[in-house]
Amino acid sequence: MIRLERLHDRIAIIGGGIAGLVAALELAPQPVVLITRAGLGQECSSAWAQGGIAAALGADDDPAQHLADTLRVGDGLCDATVASGILSEAAEAIAVLERYGVRFDRAQDGTFALAREAAHSRRRILHIGGDRTGAEIMSALTRAVQHCPSITCLTDVEARRLVTADGCVAGIHLQAMGQAAVLRTARVIMATGGCGGLFDASTNPSGNFGQGSAMAARAGAALRDMEFVQFHPTALATAQAPLALISEAVRGEGATLIDQTGKRFMAHIADAELAPRDVVARAVHQVIAGGGRAFLDARAALGAGFAERFPGIQALCAAQGIDPAHDPIPIRLAAHYQMGGIAVDQTGQSTLPGLWAIGECAATGLHGANRLASNSLLEAVVMARRAASDVAASKMRDRAFVPNPAALPDPDPGAVRPMMSGHLGVIRHGAGMRNAISNLLPLVRSCGPASDPALVALAIAVFAEKRRGSCGGHYRSDFPEPETNLRSTLMNLTEILSHAGSVDQEPQLRTA
């Protein structure tokens, strides 16, 4: 039974990752309801972030250089104004995290210990415990939330729909143990994470299929640049799900990428192993698609020092019988991060009145077509603070009474994964994407367990099919050249379904 007495009309936050927890804390002492489908701090990608959080705090660094790196990696699609604003608030974001009990690694002189990751021109990655940054930040924020009297946590409760009235948010359809109820509120912050669970190989929790985007789209909010999905090039090559990540920081310390013959296959590419993620991912894909195997080789760069610098990764490797000091680490690609999502402004407001979105489920314009490593945690903190301030200043609108609904089937992305993995991966082609659209559309209309995951997958496929060029995380083998007149794309659900329907009528899909 979902108990909602005395919780109606409070600000509601959906999602318990870094973005959601910071927003809840920053809203204090205003009463907040924090809704998570698992226990507090569980089943969120934030806890698995190894590398760290990017902040231009080094003596040789500044926000302008951080911005230049971000824009270059974003491949022409970043919103430079938004990116400049977020990156300039990095020092304040770090101070806020420390105020909530986060303790970053320090050098002997007391300054932050800064690491380097791919496509960063400077060492600017703050970390904790070497490679336990996400877990330690989540642990500190969870403790802070548990001790904050203004926050009520609804754990093991899943948000399934946004309820609207007169074009505005009026509540949230919640489910638990097969029962449904509506939390009546006119102010909601969405912080549900990404969509990696739509793919067979992912570093995300398998249940993360883009729920926030699905809820927002069904309620009428616009989505932005959904086609841009980042694939991490160095997931540990095992059969487990989700896949364990081998942090980009390992390459930042000098590790190289080699094939099964020992050949370093990134040596001829600009910036080599520290090229932008989309470039490295396609190189790894080429090796594996050609029948080879790919490895991360840290033997020369780190050797016996690997275990001290990356204790968590050392343990992951040891569980598979691999010693990085002596063995190359077998790697494979994995869906990792979505640059697109719910379209929001600089305060996190979506196009739907009463809905804000922060973290990976939101598209601010910071990441463009390809996220710069470790900018995501920074964005989560900065945008959580901005959204909290904006929500706190907003007025609770009058809303109509909303009765409790019938329960919806539990979402299952299983039927969607083969289509997404086969047609919307690192390399895409028009015929494959049109095939995916044709097969996803009936699932969206079915209202069954696959309907919500299929809706997010369909949005990705439609946005991708419409972009007739290659850019960052979206590479088309039939349109390999960079797209001209590059710009962001916004669509609502009606527009997505309309385009999908027109594609579904094309005769070639019947034999694709």
Beyond-backbone contact of [X] with [Y], side-chain heavy atoms, under 4.5 angstrom:
X      : Y      : result
Ile331 : Pro233 : no
Leu40  : Val145 : yes
Ile460 : Phe228 : no
Met419 : Leu440 : yes
Trp356 : Ser394 : yes
Met266 : Ile269 : yes
Lys466 : Met491 : yes
Leu455 : Leu493 : yes

Just checking, any donor-acceptor pair under 3.5 angstrom between side chains of [X] and [Y]?
X      : Y      : answer
Ser121 : Asp69  : yes
Ser477 : His429 : no
Asp452 : Gln211 : no
Ser139 : Arg143 : yes

Exercise for review: Evaluate the criterion side-chain contact (heavy atoms from CB on, under 4.5 Å) for residue pair Met138 and Leu21; output intermediate values, then yes/no.
Suggested key: CA-CA 8 Å; Met138 285 298 298; Leu21 298 188; 3.7 Å; yes
Does the [X] side chain pair with the main chain of [Y], one donor and one acceptor, at a distance under 3.5 Å?
X      : Y      : answer
Arg309 : Gly130 : yes
Ser470 : Pro482 : no
Arg106 : Gly110 : yes
Asp225 : Ser488 : no
Arg293 : Val287 : no
Thr192 : Gly15  : no
Glu308 : Gly305 : no
His336 : Ser202 : no
Asp345 : Gly348 : yes
Ser88  : Ser84  : yes

How many angstroms lie between [atom1] in [X] and [atom2] in [Y], if you round to the nearest 0.5 Å?
X      : Y      : atom1 : atom2 : result
Cys317 : Leu296 : SG    : CG    : 8.5 Å
Gln338 : Asn208 : CD    : CG    : 11.0 Å
Met339 : Ser376 : CE    : OG    : 11.0 Å
Phe199 : Ser206 : CZ    : OG    : 14.5 Å
Glu360 : Ser213 : CD    : OG    : 9.5 Å
Asp79  : Thr81  : CG    : OG1   : 5.5 Å

Write down the atom of [X], the atom of [Y], and the distance for their closest heavy-atom approach.
X      : Y      : result
Leu245 : Ile313 : O-CG1, 4.3 Å
Ala24  : Val32  : CB-CG1, 4.2 Å
Ile125 : Glu117 : CG1-CG, 3.8 Å
Ala23  : Ala384 : N-CB, 3.7 Å
Asn204 : Cys195 : OD1-N, 4.1 Å
Gly212 : Ile342 : O-CD1, 3.5 Å

Between [Y] and [X], is the closest basic N to carboxylate O distance under 4.0 Å?
X      : Y      : answer
Arg417 : Asp200 : no
Asp278 : Arg282 : yes
Arg99  : Glu26  : yes
Glu483 : Arg467 : yes
Glu253 : Arg116 : no
Asp60  : Arg122 : yes
Glu98  : Arg103 : no
Arg264 : Glu273 : yes

Exercise for review: Begin from the C-alpha positions of Gln65 and Arg124 and carry the test side-chain contact (heavy atoms from CB on, under 4.5 Å) through to its verdict.
Suggested key: CA-CA 11 Å; Gln65 294 185 75; Arg124 63 167 68 98; 3.9 Å; yes
**Study point:** Criterion side-chain contact (heavy atoms from CB on, under 4.5 Å) on Leu424 and Met433, from CA distance to verdict
**Key:** CA-CA 7 Å; Leu424 274 301; Met433 291 187 290; 4.0 Å; yes
Exercise for review: Taking the six-membered ring of Phe231 (Phe, Tyr or Trp), confirm whether the NZ or CZ of Arg277 is under 6.0 Å from its centre and within 45° of its axis.
Suggested key: no
Review point. Is the centre of the Tyr337 ring less than 6.0 Å from the centre of the His367 ring?
Key: yes
Practice item. In sequence, state the C-alpha distance, the side-chain angles, and the governing distance for Glu89 and Arg386, and then conclude on salt bridge (charged side-chain N to carboxylate O under 4.0 Å, His left out). Key: CA-CA 11 Å; Glu89 294 181 36; Arg386 289 186 183 182; 2.7 Å; yes
**Study point:** Step-by-step side-chain hydrogen bond (donor to acceptor under 3.5 Å, both in side chains) determination, Arg428 to His474
**Key:** CA-CA 8 Å; Arg428 300 165 175 179; His474 172 67; 2.9 Å; yes
**Study point:** Stepwise side-chain contact (heavy atoms from CB on, under 4.5 Å) test for Leu243 and His232
**Key:** CA-CA 11 Å; Leu243 290 171; His232 203 290; over 6 Å; no
